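Only one structure is covered here, and it is reproduced in the block below.
All chains are named by letter (A, B, ...) in the order of the sequence lines, taking the proteins before the strands, and each is independently numbered beginning at 1. Being a predicted model, the structure only gives us computed values, none of them experimental.
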Amino acid sequence: MEVAPDLLGCLLTTVAPDGAVTLRLTETEAYCGMDDPASHAYRGPSPRNQVMFGPAGHLYVYFTYGMHYCANAVCGPDGEAGGVLLRAAEVVDNEELARARRPKIRRASGLARGPACLTMTAGIGRDDLGADLCAPESHIRLRPRQHDVTIAAGPRVGVSRAADVPWRFWVDGNPTVSAYKRSPRADLEVERGHI
DNA sequence: GTTGCGATTGGCT
DNA sequence: GCCAATCGCAACC
C-alpha cells in the first residue's frame, strides 16, 4: 500500500518490436494481498495470480472483461501478495507511436487514461506477465521520479468490495487522471451494510 | 461440467 | 448516461 503513492511520477518505459514508449504514472491503486477483499490474491495463490506472491518489482498482468489487459507492479515481500494497479499515465516520449497504437484517441491526455488504456498505449499484454521492472536489460523498466508531485488520495474505482478505503492515488490536477466513477456494486455493498 | 461476473472501454442515445 | 462486447477465472452443481 505504501508503495502506491510513491509510484506517481515514476517513468515506465516499454520496449516493443514497433518501438519504445515512455509514460509518467499519474494514477495508481493499491491492492493489499490476502487481507484485501478486492484483491485478486484475496483467496490465496492460484495460477492466475501467482506472480503477485513472488518478489517485488515484477509485472502482474491480467485479462478482464474478455478484451482488456491491466498491469500491476508487484510490491511487498516475497510470499505476500501486494500489487499496485497502474491506472493512468501521461506520454513523455514517443507520442507518435502511442497515437499509432490508439488511433481513435484525439487528446494526448486520453492516450493512457484508465488501466486498460495504459496497457494499450504501453504495448503491454499477456506476454509481459512476470516481467522484471527493475532489471536494466528488461524490455519494461520502471524508474524513480525526478520531480516532486502533488498527491491526492481517494476511494478505489470499479471494485465491488472494500471500495471505501482511500487506496487510489493520483497526481493532483493532472488531466490524464480519469474522473472518479464509483462502482455500482460498491453502492450495493454500502446499502447492504446500512440495512 | 456449468454459470456468473469482473481492478473496463468506447460508442450510441 | 446507458449498454454491449467478450473470455477467463473461480465458485458452484
In whole angstroms, how far is the [atom2] atom of [N] from the [atom1] atom of [X]?
X         : N       : atom1 : atom2 : result
Leu129(A) : dC9(C)  : CG    : C1'   : 14 Å
Met120(A) : dG10(B) : CE    : C1'   : 9 Å
Arg48(A)  : dA11(C) : CZ    : C1'   : 13 Å
Tyr62(A)  : dC7(C)  : OH    : C1'   : 14 Å
Leu86(A)  : dT8(B)  : CG    : P     : 13 Å
Arg107(A) : dG10(B) : CZ    : P     : 15 Å
Phe63(A)  : dA10(C) : CZ    : C1'   : 16 Å
His68(A)  : dC7(C)  : NE2   : C1'   : 12 Å

[N] OP1/OP2 closer than 4.0 Å to side-chain N/O of [X]:
X         : N       : answer
Arg87(A)  : dT8(B)  : yes
Arg102(A) : dT9(B)  : no
Lys104(A) : dG11(B) : yes
His40(A)  : dA7(B)  : yes

Nearest-Å distance once atom P is located in both dA7(B) and dG1(C):
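To the nearest whole Å, 23 Å.
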
Say you pick atom C1' in dC3(C) and the same atom in dC5(B); how far apart are they, in whole Å?
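Comparing C1' positions in dC3(C) and dC5(B) gives a spacing of 16 Å.
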
Kindly assign one of parallel, tilted or perpendicular to the pair His40(A) and Tyr62(A), based on the angle between their ring planes and the thresholds 30° and 60°.
perpendicular

dA11(C) pairs with which nucleotide, Watson-Crick or G-U wobble, both distances below 3.5 Å?
dT2(B)

Any strand counts, and the cut-off is 3.5 Å on both contacts for Watson-Crick or G-U wobble. Which nucleotide pairs with dA7(B)?
none

Hey, could you give me the CG/OH distance between Asn49(A) and Tyr42(A), rounded to the nearest 0.5 Å?
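So the CG of Asn49(A) and the OH of Tyr42(A) are separated by 14.0 Å.
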
Rounded to the nearest 0.5 Å, how far does CD1 of Ile124(A) lie from CG of Leu12(A)?
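Rounded to the nearest 0.5 Å, the CG-CD1 separation comes out at 5.5 Å.
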
The side chain of [X] lies closest to which of these nucleotides: [options]?
X         : options                  : answer
Arg126(A) : dT9(B), dA10(C), dG8(C)  : dG8(C)
Arg43(A)  : dA11(C), dG8(C), dA7(B)  : dA11(C)
Thr64(A)  : dC9(C), dG11(B), dT8(B)  : dT8(B)
Ile105(A) : dG10(B), dA7(B), dA10(C) : dG10(B)
Cys70(A)  : dT9(B), dT8(B), dG8(C)   : dT8(B)

Under-4.0 Å salt bridge between Glu29(A) and Arg156(A):
no

Taking CG in Asp78(A) as the centre, count heavy atoms belonging to other residues, nucleotides or ligands within less than 6.0 Å. Is the count above 12?
yes

Assess whether one donor atom and one acceptor atom, taken from the side chain of Tyr65(A) and the base of dA5(C), lie less than 3.5 Å apart.
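Answer is no: no donor-acceptor pair is held.
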
At 4.0 Å (heavy atoms only), tell me whether Ala116(A) reaches a base, stays on the sugar-phosphate, or touches nothing.
sugar-phosphate

For His139(A), run the side chain to side chain donor-acceptor pair (under 3.5 Å) check against Asp128(A), Thr13(A), Asp127(A), Thr14(A) and tell me which one passes.
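Option passing the side chain to side chain donor-acceptor pair (under 3.5 Å) with His139(A): Asp128(A).
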
